[in-house]
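All remarks here apply to the structure that follows.
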Amino acid sequence: MQKREKSFGIQMLSVQPDTKPKGCAGCNRKIKDRYLLKALDKYWHEDCLKCACCDCRLGEVGSTLYTKANLILCRRDYLRLFGVTGNCAACSKLIPAFEMVMRAKENVYHLDCFACQLCNQRFCVGDKFFLKNNMILCQTDYEEGLMKESYATHVR
């Protein structure tokens with residue numbers, strides 16, 4: 001059975017002056033800074049909670065970290081190392097795991113490939129699109145296709 005990935009939240013907490021300093025899970029020193037991070041049920045200096053690959057400070061790049069194979073990773077490196085890649089339904093080229101995509105049912109597309117496959121009109125967020133015979137169509141081309149189908153059935 002394959003082990004599923006784990007993503008965990010990162011909280012930034014203000015250190016209260018009247019509390020005993022907590023130990024950092026990264027460097028094992030006391031945290032005397034004004035702020036600390038809490039992640040994986042442990043406390044960290046902001047500088048100590050870093051991605052094992054790119055060394056970015058995880059508290060700065062988002063509120064989530066990923067762990068697998070005893071590594072603490074940012075989202076980009078997690079996807080690069082362990083993400084599932086696939087092929088674009090429009091151009092058939094490989095889509096890297098960390099790349100943003102558009103999905104329509106079980107099809108996945110590069111952002112640049114997510115366009116009407118008849119007129120090449122690109123879709124913006126909120127635009128209506130139609131999936132017919134596994135083709136992405138804009139509203140105009142979809143409706144024109146319906147009109148042609150309707151005309152063809154009446155003529156027979």
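- Note that CG of Leu81 is 13.5 Å distant from OH of Tyr66, once rounded to the nearest 0.5 Å.
- To the nearest 0.5 Å, atoms CD (Gln117) and CE (Met135) are separated by 5.0 Å.
- Two different hydrophobic clusters hold Leu73 and Val61 under the rule that ILVMFWY side chains link at heavy-atom gaps under 4.5 Å.
- Contact of the Thr67 side chain with the Phe8 side chain is registered, since non-hydrogen atoms from C-beta on lie closer than 4.5 Å.
- Heavy-atom minimum distance, Asn87 versus Ile95: C-CD1, 4.0 Å.
- Residues Asp33 and Val15 approach most closely at O-CG2, 3.3 Å, considering heavy atoms.
- Between Leu37 atom CG and Met12 atom CE the span is 5.0 Å, to the nearest 0.5 Å.
- Here the shortest heavy-atom pairing between Phe129 and Ala104 reads CE1-CB, 3.8 Å.
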Quick one, Cys56 with Lys50, criterion side-chain contact (heavy atoms from CB on, under 4.5 Å). Give me CA distance, side-chain angles, the key distance, then yes/no. CA-CA 5 Å; Cys56 71; Lys50 294 181 179 180; over 6 Å; no
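- The environment of CZ in Arg29 is sparse: at most 12 heavy-atom neighbours from other residues, nucleotides or ligands sit within 6.0 Å.
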Can you give me every donor-acceptor pair (side chain of residues 39-48, partner residue at least two apart or in another chain, under 3.5 Å) with its distance?
residue : atom : partner : partner atom : Å
Trp44   : NE1  : Ala39   : O            : 3.0
His45   : NE2  : Lys30   : O            : 3.3
Asp47   : OD1  : Arg57   : NH1          : 2.6

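- With contacts defined as side-chain heavy-atom distances shorter than 4.5 Å, the pair Leu65/Cys74 does not qualify.
- Two residues are said to be in side-chain contact when any heavy atoms from C-beta on lie closer than 4.5 Å; Lys68 and Tyr78 meet this criterion.
- Within the 4.5 Å cutoff, no side-chain heavy atoms of Cys116 are placed close to those of Ile136.
- Atoms SG and CD, on Cys119 and Gln121 in that order, are 5.0 Å from each other to the nearest 0.5 Å.
- In this structure, the side chains of Ile72 and Cys51 stay at 4.5 Å or more apart for every pair of heavy atoms.
- Taking Asp127 as the reference, Phe123, Cys124 meet the side-chain contact (heavy atoms from CB on, under 4.5 Å) condition, with sequence neighbours excluded.
- The two residues Ile31 and Pro21 have their closest heavy-atom pair at O-CB, 3.8 Å.
- Here the side chains of Thr64 and Ile10 are not in contact, with every heavy-atom distance at 4.5 Å or above.
- Here CG of Asn107 is found 9.0 Å from SG of Cys88. Values are rounded to the nearest 0.5 Å.
- Taking NZ of Lys128 as the start and CG of Leu137 as the end, the distance is 14.0 Å to the nearest 0.5 Å.
- Under the 4.5 Å side-chain heavy-atom criterion for ILVMFWY residues, no single connected hydrophobic cluster contains both Leu71 and Leu58.
- Contacts of Leu111 classified as side-chain contact (heavy atoms from CB on, under 4.5 Å), with partners at least two apart in sequence or in another chain: Met100, Met102.
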